[in-house]
Protein chains: 2
Amino acid sequence: MINYELYKVFYWAAKTGSLSMAAKSLFITQPSVSHAIKQLEISFGLTLFYRNSKGVTLTPEGVTLYSYIEKSQILISLAEEKMASLKNLDSGELRIGGSDSLFKHYILPYLESYHQKHPSIKLHLNHGTTPETIAFLKEGKIDLGVARLPIVDSQIEVMKGIELQDCFVAGPRYAELKGKVLSLERLLQYPIILFSRNSRVRMAITELFTSYGYQIKPEIEVGSVDLLIELASKGLGISYVTKEFISKELDEGSLFEIQLDIKMPPSQVGFMIMRNMPLSNAASKFIELVK
Amino acid sequence: MINYELYKVFYWAAKTGSLSMAAKSLFITQPSVSHAIKQLEISFGLTLFYRNSKGVTLTPEGVTLYSYIEKSQILISLAEEKMASLKNLDSGELRIGGSDSLFKHYILPYLESYHQKHPSIKLHLNHGTTPETIAFLKEGKIDLGVARLPIVDSQIEVMKGIELQDCFVAGPRYAELKGKVLSLERLLQYPIILFSRNSRVRMAITELFTSYGYQIKPEIEVGSVDLLIELASKGLGISYVTKEFISKELDEGSLFEIQLDIKMPPSQVGFMIMRNMPLSNAASKFIELVK
DNA sequence: ATTGATCATAGACGTGGTCTATAGCTCCTG
DNA sequence: CAGGAGCTATAGACCACGTCTATGATCAAT
């Protein structure tokens with residue numbers, strides 16, 4: 001089997017028309033080039049160059065070989081350039097999976113500064129439920145997932161991100177509750193608006209109430225955080241939302257937080273990557289940024 | 001600079017999805033493959049493969065690299081196949097320069113058997129005068145030239161071929177000369193047909209007559225051997241032709257040789273190749289055949 | 001648990017590619 | 001025409017690097 005290094009030497013010798021020049025280009029000595037070309041010629045049993053005192057020119061067989069090798073070498077050069085650009089993040093893509101609300105309220109600022117630093121990296125946001133995100137991760141369809149913890153999966157490595165505080169909020173319609181500290185029992189007398197049944201937040205709050213001996217049954221179920229906010233501020237009920245996601249509404253006064261006589265446990269957001277799978281350069285740079 | 005051998009290893013590892021399989025394909029051990037891949041990864045600063053207990057799969061960066069390297073490797077394989085076929089004379093071409101008459105009467109039988117042996121070799125016959133043939137040879141436009149000797153050119157190597165005997169012939173119209181031995185003086189009383197002025201045969205015969213103190217001035221000058229034969233047999237004069245080229249006419253009796261009282265010097269045909277320039281495989285096989 | 005895959009790592013080995021030095025050749029120049 | 005400045009080829013020494021063996025680590029399947 002022929003050593004492919006020889007083709008590199010052949011390429012430069014043919015391209016420059018001189019073994020000496022090829023040697024300079026390859027940072028080796030002329031006898032090495034001479035030797036390499038001879039090896040190729042012996043392997044093929046054909047002469048590839050006419051040698052004369054001015055340099056070398058290709059024989060017809062050499063021309064034939066060159067027509068293939070030139071293309072091959074150009075491809076390799078392109079490959080090397082591409083690899084360098086992938087490393088420098090001058091190209092490549094970053095694929096993140098998670099929920100729309102986390103994207104909007106947590107990831108977005110990071111994405112902005114990442115995109116500013118690496119404008120050539122294509123960004124793919126793949127929204128879905130946590131199990132879907134985990135599945136995408138395992139299928140290699142995303143580099144990185146964002147979700148609320150805990151995540152228990154031996155194949156997945158989790159890094160803690162921001163800590164979020166969920167709370168109940170109401171609009172001006174329930175102004176009488178402002179400043180008061182409610183018991184759970186009292187709270188349940190109001191119409192409750194919750195996120196749809198399959199979400200992790202929903203499961204968490206249901207469990208919490210159960211642990212205190214209550215059952216929480218919403219009047220309204222919705223599928224987006226925006227609707228939770230919207231409906232609460234319109235006075236249709238009391239929504240259970242992430243405090244950090246409604247800072248604007250709290251400031252404006254279109255929503256206010258309802259104090260409870262128990263402490264709502266914080267919820268931890270985490271990044272998920274596949275354990276034992278190297279991160280793409282684009283993804284690892286993003287994680288660095290977030291840290 | 002990256003050792004191109006590593007791409008060969010990478011190609012096989014990616015293609016087979018297994019370092020062990022790649023090792024078998026490349027007739028090296030698995031640790032060598034492992035080592036080679038790691039070298040590539042270090043050079044690029046990127047991870048190319050996901051490793052697991054079933055083998056390896058490409059990372060996104062690896063996929064990108066593979067898309068280039070695969071094409072490159074395929075080109076090299078094609079190149080190697082092509083080189084092998086050039087060596088086996090399953091492809092290639094043979095370009096011969098010389099005069100039409102030498103092609104027709106001397107080279108043709110060799111060409112036939114050559115073509116039979118190597119039917120895939122394309123044959124190019126490039127007819128021209130001897131100086132033109134030499135020029136073509138120097139420009140690399142032909143591999144091989146055929147011409148009458150002597151050729152004096154330091155760049156050209158000459159190999160002797162057949163020896164030809166030129167002679168004067170006439171047709172039935174001059175039947176009275178059959179069997180007689182003519183002096184040059186006597187011969188010159190008949191109309192003479194010669195090849196055109198720029199040919200070597202013409203120069204040779206002119207010189208011969210001059211050396212005997214005569215001047216030979218043709219009634220007719222023609223540009224092809226066929227015409228020399230044609231005109232002589234029609235009785236338009238006495239042609240000076242190569243005996244070996246008119247054996248058919250001599251047998252038929254449409255021409256007969258005119259005996260002279262001097263011996264006509266034989267003329268030597270030779271093959272010309274460029275000195276210090278390797279022959280194409282196709283050409284060297286042809287020369288072997290002729291010998 | 002055991003077996004049999006996989007790839008990774010460590011360290012020894014030896015070959016092959018690179019080097020220096022020199023020769024041979026051709027072309028150009030004073 | 002001698003001498004110099006290119007070029008490539010050859011010889012022989014050397015050592016880096018690619019390959020090997022041996023072993024470890026991990027995982028999956030039996």
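Since this is a predicted model, take the numbers as computed values, not measurements. Keep in mind that the numbers below use all heavy atoms, side chains included, and drop hydrogens, waters and symmetry copies.
With salt bridges taken as basic N to acidic carboxylate O contacts below 4.0 Å, one links A:E41 and A:R51.
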Between N or O atoms, less than 3.5 Å apart, protein on one side and nucleotides 15-18 of chain D on the other: list the pairs.
| from | atom 1 | to | atom 2 | distance (Å) |
| --- | --- | --- | --- | --- |
| D:dG18 | OP2 | B:Q39 | NE2 | 3.2 |

Polar atom pairs between nucleotides 2-6 of chain D and protein, under 3.5 Å, N or O only, would you list them?
none

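Against DNA chain D, the stretch residues 8-19 of chain B makes no heavy-atom approach under 4.0 Å.
With D:dC20, D:dA9, D:dC7 as the candidates, the nucleotide lying closest to the side chain of A:S20 is D:dC7. You'll find that the side chain of B:P31 is closest to C:dA8, out of C:dT18, D:dT10, C:dA8. Counting only heavy atoms from C-beta on, B:R51 has its side chain closest to C:dC7 among C:dC19, D:dT8, C:dC7.
Applying the side-chain hydrogen bond (donor to acceptor under 3.5 Å, both in side chains) test to A:H115 and every residue at least two apart in sequence or in another chain returns nothing. Scanning for side-chain hydrogen bond (donor to acceptor under 3.5 Å, both in side chains) contacts around A:S99 gives A:S101, with sequence neighbours left out. With sequence neighbours left out, the salt bridge (Lys or Arg N to Asp or Glu O under 4.0 Å) criterion links A:R200 to no other residue. Partners of B:T64 according to the side-chain hydrogen bond (donor to acceptor under 3.5 Å, both in side chains) rule, which considers only residues two or more places apart in sequence or in another chain, do not exist here. In terms of the salt bridge (Lys or Arg N to Asp or Glu O under 4.0 Å) criterion, B:K38 has no residue partners (sequence neighbours excluded). Scanning for salt bridge (Lys or Arg N to Asp or Glu O under 4.0 Å) contacts around A:K54 gives an empty result, with sequence neighbours left out. Contacts of A:T29 classified as side-chain hydrogen bond (donor to acceptor under 3.5 Å, both in side chains), with partners at least two apart in sequence or in another chain: A:S32.
For B:K38, a side-chain nitrogen or oxygen approaches OP1 or OP2 of C:dT9 to under 4.0 Å.
A:I28 has its CD1 atom 17 Å from the P atom of C:dG16, to the nearest Å. Between the P atom of C:dC7 and the NZ atom of B:K54 lies a distance of 13 Å, rounded to the nearest Å. Residue B:N52 contributes atom CG, which lies 8 Å from atom P of D:dA28 at whole-angstrom precision. For the pair A:Y50 OH and D:dA9 P, the computed distance is 15 Å after rounding to whole Å. Taking atom CZ of residue A:F49 and atom P of nucleotide D:dA9, one finds them 10 Å apart after rounding to whole Å. Following rounding to the nearest Å, A:I37 (CD1) and D:dA9 (C1') show an atom-to-atom distance of 13 Å.
For residues 143-155 of chain B, the salt bridge (charged side-chain N to carboxylate O under 4.0 Å, His left out) pairs, not counting sequence neighbours, are B:R95-B:D143, B:K138-B:D153, B:R148-B:D166. Pairs passing the side chain to side chain donor-acceptor pair (under 3.5 Å) check and including a residue from residues 73-89 of chain B, sequence neighbours excluded, read A:Y7-B:E80, B:S85-B:S91.
Using a 4.0 Å heavy-atom cutoff across all strands shown, A:Q30 reaches at least one base atom of the nucleic acid. Residue B:S32 is in base contact, counting any heavy-atom pair closer than 4.0 Å across all strands shown.
The shortest distance between side-chain heavy atoms of B:F286 and B:L89 does not fall below 4.5 Å. Taking the side chain as every heavy atom from C-beta outward, A:L125 and A:L123 never approach each other to under 4.5 Å.
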